[in-house]
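The sequence lines fix the lettering, A, B, ..., with proteins before strands; numbering per chain opens at 1.
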2 protein chains.
Amino acid sequence: MKVSRKKQKAETRQKLMDATAAELASGRSFDTLSLREVAKLAGIAPTSFYRHFHDMGSLGLALIEEQGETLLTLMHHVREQASGGHSLIRTSVETLFDHIFANQGMSRMILLESMSRHSVFREAAEKLFATMSRDLAEFLVWDAKERGVPMGHPQLAANSMVAILFTTGIALLKTPVEDRGRHIEAAIVQLRMIMRGAEAMGQKT
Amino acid sequence: MKVSRKKQKAETRQKLMDATAAELASGRSFDTLSLREVAKLAGIAPTSFYRHFHDMGSLGLALIEEQGETLLTLMHHVREQASGGHSLIRTSVETLFDHIFANQGMSRMILLESMSRHSVFREAAEKLFATMSRDLAEFLVWDAKERGVPMGHPQLAANSMVAILFTTGIALLKTPVEDRGRHIEAAIVQLRMIMRGAEAMGQKT
DNA sequence: AATTTCAGCGTACACTTGTACGCACAACTG
DNA sequence: CAGTTGTGCGTACAAGTGTACGCTGAAATT
C-alpha cells in the first residue's frame, strides 16, 4: 500500500507529459517527436506508452488542455487583482509573458498547432484563443462602462490584442534577454493604441 | 539540343519545389515531409534529389525565398496602384488574402517556421516579416503626411497591422467559404481601429 | 489466502527514413 | 569525331518508426 497503483500510474503519465514538454522547450517541434523517444525519455519501455495514451495525439491534446486551463485562470486572476488599480494592460502583458517564458515549449506548440490544418490539436488551441478573446472583450466592456468612456467593437479590439500578445510572445522567445524589455514596452504601446482606436470608434458611430 | 541540360535540370528542380508546395497546401507540415517522399512525388529517384538540393532544408529555404519575393513585390504594386484612390486598407487586405489563398501551404509554412526555434527557415521568415512591416510603416508615414494628419508610432502601428493580417490570414485558411467575407470585414475594421489609435496618439504627444 | 487485475517489459515484425556507391547514357566540350 | 560531364537510376544498409503478442510480478479484490 506504500505506492498505490493509481498514484503510480498518474506519476508515470505525468513523466510522459513532462518529458514531452521538456523536449518542446528545447525547440523540437511536436510532430518530430516519436512515441519511442518520449517513452525512453520518461524511462519506460516503448510499449508501456499505451498504458497511458492511445497515441502521441492524445498526449498532445492532454498537454494543450492542461496548459490552456492554467493560462485562462492566470489571466483571470490578474484582472481580479488589478481591477482596483489601473495599469491593467501593463500587468496583464507582463504576467502573460512571464508565463510564456516559463512554458516556452508548450506556448510555441499551442501557437503552431493552432495554425496547422488537419491536426487534432487545432480545435483545442483555437478554442483557447477564442475563450481568451471573449474573456478579454467582456472585461473591456465592463471596464469601459466603469470609466464612462465609449468603446467601439470591443470583441474586435480584443481579438487584435490577443493576436499581438501572442505574436510578440513568440517573438520574445527568440529575443536575447537584453532586448526583451524593449519588446514588452512596444507591445504595451501597441495595446494602448488599439484601446485608443476602439474608443475613438465608439464616439463617432 | 532539343532539351538543354540546364533547362532540364531547372525543370526537375521546379518539380521538386512544386511537389513540396502541393503537399504543404494539402495541410502537411514541412518537417513531416521526407526526402524520399517528395522525390517520389516529383517523379525522380530518391538519390537524384541530391542533384538539386543538398538537403530538405535547402529546398525549404528556396521555397520561402521565392514566396517572400513575390509577396513583397505584390504589396508594393498594390500601394502604387491605389495611391491615387483611397480605400487603400481594403485593397491591401483583399490582395494579400487572395495571395494567401492561392498559396495556402506556403503561407502556413512561412508563418509556422517563423516561430520554430532552431529552424534554418526562421531567419528567412522573420526577415520577410520585418521587411513587410518596414515597408508598411514607411508608407504610413508618407500617407499621413499626404493627408495632413499626425501619426504616432508608425512602426509599431505597422507591426500590429502585419500581425493582424497574418493571424487572420491563417484563420481564414480554416474558415468555410461562406464565413470568409465576415472575417475579412472584421480585419479591415481592426486595421482602421489601429489607424485611429495611431492618429490619436500622434495628436497628444 | 486465493484470485484477479494491470503497469511495465522484451521480443519480433514490417515499414520508412537518409544516404553511400557505382553504373548508364545523353548532353556538352574540345 | 572522341572525351568529359553530370542527371538520373538501382541496389544496399544501418537506424529508427509504430505496434502486436505474451510474459511477469505486485497491488487490489475477493
Colleague: Just jot down the ring-ring contact (aromatic ring centres under 6.0 Å, His included) partners of B:Phe129, sequence neighbours excluded, or say none.
Modeller: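 With sequence neighbours excluded, B:Phe129 shows a ring-ring contact (aromatic ring centres under 6.0 Å, His included) to B:Phe166, given in chain and number order.
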Colleague: Ignoring backbone atoms, establish whether B:His54 has a side-chain N or O less than 4.0 Å from OP1 or OP2 of C:dT19.
Modeller: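 False: B:His54 side-chain N/O out of range (4.0 Å or more) of C:dT19 OP1/OP2.
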Colleague: Using a cut-off of under 3.5 Å, enumerate the N/O to N/O pairs linking the protein to nucleotides 15-17 of chain D.
Modeller:
unit_1, atom_1, unit_2, atom_2, d
D:dT17, OP1, A:Ser34, OG, 2.7

Colleague: Would you be so kind as to tabulate the donor-acceptor pairs closer than 3.5 Å made by side chains of residues 49-65 of chain A, with sequence neighbours excluded?
Modeller:
none

Colleague: Check side chain to side chain contact (heavy atoms under 4.5 Å, CB included) between A:His77 and all other residues, then give those that pass, not counting sequence neighbours.
Modeller: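 Partners of A:His77 under the side chain to side chain contact (heavy atoms under 4.5 Å, CB included) test: A:Glu80.
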Colleague: Among all residues two or more places apart in sequence or in another chain, which pass the side chain to side chain contact (heavy atoms under 4.5 Å, CB included) test with B:Gln14?
Modeller: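 Partners of B:Gln14 by the side chain to side chain contact (heavy atoms under 4.5 Å, CB included) criterion, ordered by chain and then number, come out as B:Met17, B:Asp18, B:Glu66.
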Colleague: Starting at CZ of B:Arg5 and ending at C1' of D:dT5, how long is that distance when rounded to a whole Å?
Modeller: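 Distance, rounded to whole Å: 5 Å.
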Colleague: Rounded to whole Å, please give me the gap between NZ in B:Lys9 and C1' in C:dA26.
Modeller: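 To the nearest whole Å, that distance equals 15 Å.
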Colleague: Check side chain to side chain contact (heavy atoms under 4.5 Å, CB included) between B:Ala25 and all other residues, then give those that pass, not counting sequence neighbours.
Modeller: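 For B:Ala25 there are no side chain to side chain contact (heavy atoms under 4.5 Å, CB included) partners, ignoring immediate neighbours.
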Colleague: Identify each donor-acceptor pair in which a side-chain atom of residues 28-42 of chain B lies under 3.5 Å from a protein atom, sequence neighbours left out, and give them as a table.
Modeller:
unit_1, atom_1, unit_2, atom_2, d
B:Arg28, NE, B:Thr32, OG1, 3.3
B:Arg28, NH1, B:Glu37, OE2, 2.9
B:Arg28, NH2, B:Thr32, O, 2.9
B:Arg28, NH2, B:Glu37, OE1, 3.0
B:Ser29, OG, A:Asp31, OD2, 3.3
B:Ser29, OG, B:Asp31, OD1, 3.2
B:Asp31, OD2, A:Ser29, OG, 3.3
B:Thr32, OG1, B:Ser29, O, 2.9
B:Ser34, OG, B:Glu37, N, 3.1

Colleague: Atom CE of B:Met56 to atom C1' of C:dT16: distance rounded to whole Å?
Modeller: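 Taking atom C1' of C:dT16 as the reference, CE of B:Met56 is at 14 Å.
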Colleague: So which protein N/O to nucleotides 20-22 of chain C N/O distances come out below 3.5 Å?
Modeller:
none

Colleague: Please state how far atom CZ in B:Phe49 lies from atom C1' in C:dT17, giving the value in whole angstrom units.
Modeller: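 Checked: the CZ to C1' distance equals 13 Å.
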Colleague: Going by distance alone, is a donor N or O of one side chain under 3.5 Å from an acceptor N or O of the other, for A:Gln67 and A:His99?
Modeller: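 Checked: A:Gln67/A:His99 side chains pair up, N/O donor to acceptor below 3.5 Å.
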Colleague: How long is the line joining CD1 of A:Ile44 and P of C:dC6, in whole Å?
Modeller: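 Going from A:Ile44 (CD1) to C:dC6 (P), I get 18 Å.
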Colleague: Which residue in the set A:Arg90, A:Arg180, A:Arg192 passes salt bridge (Lys or Arg N to Asp or Glu O under 4.0 Å) when paired with A:Glu185?
Modeller: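 The salt bridge (Lys or Arg N to Asp or Glu O under 4.0 Å) with A:Glu185 is passed solely by A:Arg90 among A:Arg90, A:Arg180, A:Arg192.
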Colleague: Given atom CZ of B:Phe53 and atom C1' of C:dG18, what is their separation to the nearest angstrom?
Modeller: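 From B:Phe53 CZ to C:dG18 C1': 17 Å.
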Colleague: Return a table of donor-acceptor pairs under 3.5 angstrom between the side chains of residues 155-162 of chain A and protein atoms on other chains or two or more places apart.
Modeller:
unit_1, atom_1, unit_2, atom_2, d
A:Gln155, NE2, A:Asn159, OD1, 3.0
A:Asn159, OD1, A:Ser133, OG, 3.4
A:Ser160, OG, A:Leu156, O, 3.2
A:Ser160, OG, B:Gln190, NE2, 2.6

Colleague: Rounded to the nearest Å, what distance is computed from the CD atom of residue B:Gln8 to the P atom of nucleotide C:dC25?
Modeller: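 The answer, rounded to whole Å, is 17 Å.
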Colleague: Using a strict heavy-atom distance below 4.0 Å, which residues from residues 10-30 of chain A are in contact with DNA chain D?
Modeller: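 DNA chain D contact set from residues 10-30 of chain A: none.
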Colleague: For residues 167-177 of chain A, which side-chain donor-acceptor pairs fall under 3.5 Å, sequence neighbours excluded?
Modeller:
unit_1, atom_1, unit_2, atom_2, d
A:Thr167, OG1, A:Ala163, O, 3.0
A:Thr167, OG1, A:Ile164, O, 3.2
A:Thr168, OG1, A:Ile164, O, 2.4
A:Thr168, OG1, A:Leu165, O, 3.3
A:Lys174, NZ, B:Ser114, O, 2.6
A:Lys174, NZ, B:Glu126, OE2, 2.7
A:Thr175, OG1, A:Ala171, O, 2.8

Colleague: So, using side chain to side chain contact (heavy atoms under 4.5 Å, CB included) as the criterion, who are the partners of A:Arg182 when residues are at least two apart?
Modeller: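 For A:Arg182, the residues satisfying side chain to side chain contact (heavy atoms under 4.5 Å, CB included) (neighbours in sequence not counted) are A:Asp179.
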